[in-house]
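To keep things clear, I will list the structure first and then write my remarks on it.
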Amino acid sequence: MRRFYAPPENFRGQDVTLSEDETRHLRDVLRLPIGEEVSVFNGAGREFKCVIRTIEKKSSTLSLVEEVTPTSPESNLDLSVAATVLPGDKYDLVIQKAVELGVVELNPLVTTRCEVKLKDAAKRLNRWQRIAFEASKQCGRAKLMIVSEPVEFGELVSKKASDNYLLFSERQGESFDTVIASKKITAVFGPKGGWDDRELEAARVKGIKVVTLGGRVLRAETAAIAISAILQHRFGDFK
């Protein structure tokens, strides 16, 4: 069944209205007729079976049939990822896979050894949000992953430090076995050049746990994806 998105405010009684972009996709790309059954999710975790009732130039109206269970239900682990911005399209892959792995929020980071400046990262925000949106439609999640404004590492540490923050480093960290089970975790990942010593110290001062996984050397994008999967297996719904 074809999936479409409509924000909660577009649901009124037994009707839901699709935006111009979603209508264009329904009408011009998929060429779906009136009376066709489709699925519509609201980005907040709910999904509905609907029937197309009208198709206009800039909007379309669907009738709600029943609420359904999303193909990919949300994990019982509230997992956020703060990952250093990578050059080129490598970060696109991180965002796409974070959605598939059930990450709730992704915080783009600019660190000491980051190859992308903060102002340039901010220019890519709309693109990243669009990638997260499309990945949600494809993987069956009914909740949209938040892609927040890029921030510098110091700002993240000063505002966000808490017991459920885990900073993953290739050195100077504790074993993963020391991580205490939690229902809410923020995993923090550095750039391909690794963390600066001052960043590791700043994290420790704020009480952020530094974790090192074995001796394998992972690319920055691989680390964010692989460790998100490990966290979902250990504390979430990958059993």
Side-chain angles (χ1 to χ4, degrees), residues 5 7-9 19 21 41-45 72 74-139 141-169 182-192 195 199 202-203 206-209 220-229 231-232 235-236:
Y5 164 72
E9 59 267 24
S19 67
D21 284 346
F41 68 101
N42 69 353
S72 297
E74 295 301 306
S75 172
N76 57 339
L77 172 64
D78 186 344
L79 177 61
S80 295
V81 166
T84 301
V85 177
L86 303 171
D89 58 0
K90 296 175 183 177
Y91 210 68
D92 298 353
L93 179 67
V94 173
I95 292 171
Q96 183 185 70
K97 300 309 174 185
V99 172
E100 295 174 14
L101 288 167
V103 173
V104 174
E105 180 175 2
L106 189 137
N107 299 272
L109 276 185
V110 174
T111 58
T112 299
R113 296 174 181 169
C114 178
E115 298 177 274
V116 181
K117 296 182 184 296
L118 182 62
K119 64 178 182 180
D120 294 326
K123 295 175 182 177
R124 295 162 64 182
L125 180 60
N126 288 339
R127 170 184 171 81
W128 293 334
Q129 290 172 336
R130 185 68 189 181
I131 290 170
F133 170 70
E134 294 295 341
S136 294
K137 290 183 69 174
Q138 292 171 5
C139 77
R141 284 185 70 180
K143 186 172 184 178
L144 292 176
M145 183 184 77
I146 299 169
V147 182
S148 58
E149 292 274 354
V151 296
E152 292 184 339
F153 178 74
E155 182 178 349
L156 179 85
V157 169
S158 65
K159 293 183 177 180
K160 303 266 190 173
S162 65
D163 291 340
N164 63 333
Y165 269 59
L166 303 175
L167 185 147
F168 289 89
S169 173
S182 176
K183 292 298 182 183
K184 182 177 176 62
I185 292 174
T186 295
V188 187
F189 302 98
K192 69 178 185 180
W195 295 104
E199 291 171 330
K206 287 294 185 177
I208 296 177
K209 190 178 187 68
E221 62 271 27
T222 305
I225 297 167
I227 294 173
S228 292
L231 290 169
Q232 287 287 22
F235 306 117

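Small disclaimer: the values here were computed from a predicted structure and weren't measured. For the numbers below, each heavy atom of this structure counts, side chains included, while hydrogens, waters and symmetry mates do not.
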Please name all residues satisfying side chain to side chain donor-acceptor pair (under 3.5 Å) with [X], sequence neighbours left out, ordered by chain then number.
X	value
Q129	none
Q96	none
S19	none
N76	none

Discussion item. If the threshold is 4.0 Å, N to carboxylate O, is there a salt bridge linking E221 and K97?
Written reply: no
Partner set under salt bridge (Lys or Arg N to Asp or Glu O under 4.0 Å) for [X], not counting sequence neighbours:
X	result
R127	D92
E134	R130
E199	none

Worksheet entry | Which residues share a ring pair (Phe, Tyr, Trp, His ring centres under 6.0 Å) with Y5, sequence neighbours left out | F41, F133
Worksheet item: Do side-chain atoms of T111 reach the backbone of G190 as a donor and acceptor pair under 3.5 angstrom?
Response: no
Exercise answer: donor-acceptor pairs, residues 78-90 side-chain atoms, under 3.5 Å, sequence neighbours excluded:
{"from": "T84", "atom 1": "OG1", "to": "F189", "atom 2": "O", "distance (Å)": "2.9"}

Practice prompt. Applying side chain to side chain contact (heavy atoms under 4.5 Å, CB included), name anything that partners L167, two or more places apart in sequence or on another chain.
Written response: F153, S169, V188, W195, L200, A203, I208, V210
Fill in: With K123 via side chain to side chain contact (heavy atoms under 4.5 Å, CB included) - residues at least two apart
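K123 satisfies side chain to side chain contact (heavy atoms under 4.5 Å, CB included) with D120 once adjacent residues are dropped.
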Item to complete: Can you tell me which residue pairs pass the ring-ring contact (aromatic ring centres under 6.0 Å, His included) test with a partner in residues 106-131, sequence neighbours excluded?
Response: Y91-W128
